[in-house]
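One structure below.
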Number of protein chains: 2
Amino acid sequence: MAGVNETTAARTRVADAVCERLREMIFTGELPPGARLSVPALAERLEVSRSPVRDAVLRLVQERLAREEPRRGAVVAYVGAAELVAIYEVREVLEGLAARLAVENAGRRLVRALQETLEDHEAATRTADLAASTEADLRFHRLIREACGNAEVVRLLDDVQTQVRLAMRTTTVTSGPRQALDDHRAILTAIDAGDATAAEQAARAHIFRLRALLQQQAEAGA
Amino acid sequence: MAGVNETTAARTRVADAVCERLREMIFTGELPPGARLSVPALAERLEVSRSPVRDAVLRLVQERLAREEPRRGAVVAYVGAAELVAIYEVREVLEGLAARLAVENAGRRLVRALQETLEDHEAATRTADLAASTEADLRFHRLIREACGNAEVVRLLDDVQTQVRLAMRTTTVTSGPRQALDDHRAILTAIDAGDATAAEQAARAHIFRLRALLQQQAEAGA
DNA sequence: TGACCCGATTTTACATGCAATCGCAGCCCG
DNA sequence: CGGGCTGCGATTGCATGTAAAATCGGGTCA
């Protein structure tokens, strides 16, 4: 998520609030993929003028959460299976890079945090708590990328995550929870051992398997 | 009729023209890194109203060509040596991915085009034609990424190239032309042989060497 | 019955007004 | 002579007006 300045309370731009609200509406399904983002309609619905709504929609288009149809305005983006596969090809190499850099940059603190997260993930899987499991999964990946020390990698993987969330509005991404746990253990083991190459390979293999699942489901669905 | 005339026959959005003009002004150095992008001033300079200028500046910020300073408005982005190194770390894995996918997707046509480009590159190097050499270099990489069949990779590498161009406003990126040619030959050989893994490795090695040069120069400059 | 045309309505995109805010320059005071 | 303050000017961000255009509906004609 794009960090909003919270230190100064006065720093409250309406356009930012609208943008955040629109993201929320998209991810909750209130604005499903394909829905038209009519500036006047949204302005009335959110009880603000058209200017900040216009700015917000423009930003959503730039963030690839919306697409600009030729002359019909903007619509909520629809991330199809094929595009999701392409995104996962990119994600594979980026997560691999993040893991490698994390080994080279980070220390024991990262390993500790990853161990905790992995334990949470295992517990959530045992109790079949899907929300907690998903949260731990996301946290595991976020810890690695934020430890990698490369702002570009963090930004791009944040974008990837956003696109994946959007795709999940239409496509079900069900990875076997056991496989994901095994993969995460392998990544953690490599990081713990300080083996950057092994960490990169393990991270790439993890995403590769997820992508294979996606392609499999895409072909089955098609 | 200042400078807003564009060749588009049908669609003429003022904001797009302004955006393109601003990019041009940035890359030609008319707006150097750090220059303030004052909306009223630019509006008067380009003889349009503030609305399209505002939209254009917003887009430049999203494209990372400009940065939003807390309360001073937007300024042309300054890509420092450290950031450029981070970008090249990303570029390394993305170019590697593009090369691998290109081998898996493309055919003889790509090899032919790459060979031609390489010959142009060699000729330009022999005659010390820097502009032609740079053009051939860029074309080589563009051919590969556009043959990879992954729109995300193309988009991200285009962004990388934009950032690199911007960085070159302040940092000199001088790679030994001989080394670049050798690297390109190695990439082409791997693609020609249909060896995806070798192509990925060669592409990564190429960018890795460029990054090493950058780091070396950054340390020397610091 | 089906395709086409036409007009009303909505929407986009640009222009402009306006209040709050921030930077900066010059001035006053210690 | 230096530091802090105040007033001015400029800029940002929001609100609103307006012209062109395109969609969409209904109605008409073959």
Side-chain angles (χ1 to χ4, degrees), chain A residues 2-23 25-26 31-32 34-63 65-78, chain B residues 1-23 25-26 31 34-63 65-78:
Chain A
V4 182
N5 201 339
E6 72 282 352
T7 54
T8 50
R11 192 66 180 161
T12 168
R13 279 183 303 188
V14 178
D16 285 347
V18 171
C19 201
E20 194 52 44
R21 180 84 183 90
L22 289 180
R23 285 200 203 95
M25 290 167 78
I26 289 173
L31 286 173
R36 292 185 60 175
L37 295 172
S38 159
V39 170
L42 289 173
E44 189 176 8
R45 193 160 174 351
L46 301 178
E47 295 180 350
V48 295
S49 82
R50 297 173 346 239
S51 296
V53 175
R54 182 180 172 75
D55 286 2
V57 170
L58 230 82
R59 285 176 58 176
L60 289 181
V61 170
Q62 290 287 3
E63 287 178 27
L65 265 82
R67 282 175 151 79
E68 204 172 79
E69 304 261 331
R71 192 65 176 177
R72 307 162 47 92
V75 300
V76 177
Y78 173 84
Chain B
M1 310 295 179
V4 206
N5 47 2
E6 66 287 334
T7 58
T8 55
R11 221 31 94 214
T12 167
R13 275 185 303 190
V14 178
D16 285 348
V18 170
C19 202
E20 195 51 45
R21 180 85 182 91
L22 289 180
R23 283 199 203 97
M25 290 167 78
I26 290 174
L31 286 174
R36 294 183 59 175
L37 296 173
S38 159
V39 171
L42 289 173
E44 189 176 7
R45 191 158 174 355
L46 302 178
E47 295 178 353
V48 296
S49 80
R50 296 168 356 232
S51 296
V53 175
R54 182 182 172 74
D55 285 3
V57 169
L58 231 81
R59 285 177 57 175
L60 290 181
V61 169
Q62 288 288 3
E63 288 178 26
L65 263 82
R67 282 175 151 77
E68 209 171 79
E69 301 261 330
R71 283 166 173 78
R72 306 165 48 93
V75 299
V76 178
Y78 174 86

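Remember, predicted model here, so these are calculated numbers, not experimental data. Just so it is clear: chains get the letters A, B, ... in the order the sequence lines come, proteins before strands, and each one is counted from 1. These values consider heavy atoms only, across backbone and side chains, with no hydrogens, waters or symmetry-generated copies.
Under 4.0 Å is where a charged nitrogen must lie from a carboxylate oxygen, and between A/Glu68 and B/Arg13 at least one such pair does.
In the set C/dC14, D/dT12, C/dT11, C/dC14 carries the atom at the smallest distance from any side-chain atom of A/Arg54.
Rounded to an integer number of Å, the gap from B/Leu37 CG to D/dT11 C1' is 13 Å.
When heavy atoms are screened at a 4.0 angstrom cut-off, B/Leu42 is found touching no nucleic acid atom at all. Within 4.0 Å (heavy atoms only), B/Ala15 reaches sugar-phosphate atoms of the nucleic acid but no base atom.
Phosphate contact (OP1/OP2 of D/dA15, side-chain N/O of A/Ser49, threshold under 4.0 Å): present. Contact between the side-chain N/O atoms of B/Arg72 and the OP1/OP2 oxygens of C/dG23 is not found at any separation under 4.0 Å. Considering only side-chain N and O atoms, B/Ser51 lies nowhere under 4.0 angstrom from the phosphate OP1 or OP2 of C/dA15.
The side-chain heavy atoms of A/Met25 and A/Glu20, taken from C-beta on, include no pair separated by under 4.5 Å.
Checking A/Val14 against A/Arg36, the closest nucleotide of DNA chain D that is more toward the 5' end is the one next to A/Val14.
The salt bridge (charged side-chain N to carboxylate O under 4.0 Å, His left out) test applied to B/Arg36 returns no partner, not counting sequence neighbours.
The rotation axes computed at either terminus of the helix from C/dT1-D/dA30 to C/dG30-D/dC1 lie 10° apart, taking five pairs at each end and rounding to 10 degrees.
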